[in-house]
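Atoms within each ligand, like the ligands themselves, are counted from 1 in listed order.
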Amino acid sequence: MAHPPTRVSVSYEGEGLRAQAIAMAELLGLKLATGSDDAPLQLNVTTEGLTLSLTGPDAPGPIRVDFVAGQFGYRQSRISLRSEPLARAVGIRGHDRPSVLDATAGLGRDAFVLATLGCDVVLVEREPVIAALLRDGMERAAAEPDLAGTMARMRCVQGHAPDILRGLGHAQRPDVVYLDPMYPHRDKSALVKKEMRVFRALVGDDEDAPEILTAALEVAKRRVVVKRPARAAPLGGREPNHRIPGKTTRFDVYVKG
Ligand SMILES: C[S@@+](CC[C@H](N)C(=O)[O-])C[C@H]1O[C@@H](n2cnc3c(N)ncnc32)[C@H](O)[C@@H]1O
């Protein structure tokens with residue numbers, strides 16, 4: 001399977017956060033960092049929320065989920081239907097706001113775009129440490145008056161997407177299932193490179209992505225959307241009904257009959 005064993009320890013920024021770090025370690029079944037352990041990844045409990053970092057001399061800076069400031073905050077202010085191919089891919093138009101299940105939530109950026117545009121989004125993330133980062137970011141954002149409405153449209157579920165999809169009752173089936181599986185060498189921007197190094201150390205490649213596509217096609221009411229590198233083969237060799245091209249990535253759209 002694609003999922004390597006994770007070696008993550010939990011650290012904290014000061015004695016005031018020790019109890020929180022112990023609770024987080026227990027919740028995730030991880031150990032507290034001792035300073036002499038060799039865990040390649042650290043989940044850090046800080047005054048600014050949870051962060052995840054690689055350890056070692058050449059490690060990039062930590063990653064965190066931040067829907068309030070930085071890239072996300074900026075993104076929030078510039079989101080428009082015209083500039084987001086993702087919005088077209090999921091079928092947002094006029095007053096139509098399809099419900100979306102994001103089967104590979106990651107750091108929640110794509111889900112956040114869709115929720116900002118008015119879609120209800122369920123975010124499914126398999127890796128418990130990433131899901132913890134995501135929930136932490138969502139809690140902080142929900143405390144911001146400007147983002148509370150968007151956060152109310154986002155719900156995070158930790159688990160294996162095909163199981164979650166197939167466990168949904170008829171009334172819970174989403175209009176759209178969205179997939180953005182890990183893909184080697186997908187984007188070379190500095191930020192993504194940093195994220196990808198930390199991500200890859202934790203989750204590896206998503207080799208079971210074709211299985212998610214199969215389940216998604218069974219469950220989605222209207223369509224399944226897969227984000228792919230611009231020149232990659234379609235996921236699992238399945239040709240989509242149409243494609244929304246982009247410079248570095250494209251969206252493959254599978255329309256339900
Ligand atoms: C490339 S990232 C997604 C990035 C995301 N679209 C964003 O905007 O931040 C892929 C994520 O999917 C998760 N994932 C992979 N296979 C999964 C599965 N079967 N079920 C749930 N999550 C999965 C990985 O753990 C990883 O966090």
**From the candidates Glu125, Gln158, Glu207, Met182, the one that places a heavy atom nearest atom 25 (O) of ligand 1** = Glu125

**Item:** Side chain, backbone, both or neither: the part of Ala105 lying under 4.0 Å from ligand 1 by heavy atom
**Value:** backbone

**Asked** Can we say Asp102 and Arg109 salt-bridge, meaning some charged N sits less than 4.0 Å from an Asp/Glu carboxylate O?
**Response** no

**Message:** Is there a side-chain contact between Val100 and Asp175 in this structure, where contact means two heavy atoms from C-beta onward sitting under 4.5 Å apart?
**Reply:** no

**Complete:** If we number the atoms of ligand 1 from 1 as shown, the ones under 4.0 Å from a heavy atom of Ala161 are 18 (C), 19 (N), 20 (N), 21 (C)

**Any donor-acceptor pair under 3.5 Å from Thr104 side chain to Asp180 backbone** = yes

**Contact partition for Ala103 relative to ligand 1, non-hydrogen atoms under 4.0 Å** = backbone

**Request:** Decide whether an N or O pair under 3.5 Å exists between Gly108 and ligand 1.
**Result:** yes

**Prompt:** Would Val226 end up clustered with Leu165 when hydrophobic side chains under 4.5 Å apart are linked, directly or stepwise?
**Reply:** yes

**Prompt:** Distance-only, no hydrogens or angles: does the Arg250 side chain make a donor-acceptor pair with backbone N or O of Lys247 under 3.5 Å?
**Reply:** no

**Asked** What do you reckon, does Leu107 have a nitrogen or oxygen under 3.5 Å from a nitrogen or oxygen of ligand 1?
**Response** yes

**Asked** With a cut-off of 4.0 Å, which atoms of ligand 1 are near a heavy atom of Ile212?
**Response** 16 (N), 17 (C), 18 (C), 19 (N)

**Item:** Pick from Lys227, Glu211, Arg126: the one approaching atom 23 (C) of ligand 1 most closely through a non-hydrogen atom
**Value:** Arg126

**Asked** Side chain or backbone of Ile164 under 4.0 Å from ligand 1, or both, or neither, by non-hydrogen atoms?
**Response** neither

**Message:** Taking Ala69's backbone N and O only, do any of them form a donor-acceptor pair with Asp66's side chain (distance below 3.5 Å, no angle check)?
**Reply:** yes

**Asked** Pick from Leu43, Asn44, Leu41: which one makes a side-chain contact (heavy atoms from CB on, under 4.5 Å) with Ser53?
**Response** Asn44

**Asked** Salt bridge check: are Arg153 and Asp120 linked by an N-O gap of less than 4.0 Å?
**Response** no

**Asked** Which atoms from ligand 1 have a heavy atom of Asp180 less than 4.0 Å away?
**Response** 1 (C), 2 (S), 3 (C), 4 (C), 5 (C), 6 (N), 10 (C)

**Request:** Say whether Gly159 and ligand 1 are in contact under the criterion: heavy-atom distance to a ligand atom below 4.0 Å.
**Result:** yes

**Complete:** At under 4.0 Å between heavy atoms, what of Leu202 touches ligand 1? The answer is neither

**Item:** Atoms of ligand 1, numbered as shown, that sit under 4.0 Å from any heavy atom of His160
**Value:** 18 (C), 19 (N), 20 (N)

**Request:** Report yes if some N/O of Arg109 lies less than 3.5 Å from some N/O of ligand 1; otherwise report no.
**Result:** yes

**Message:** Taking the basic N atoms (NZ, or NE/NH1/NH2) and the acidic carboxylate oxygens, is any pair closer than 4.0 Å for Asp163 and Arg126?
**Reply:** no

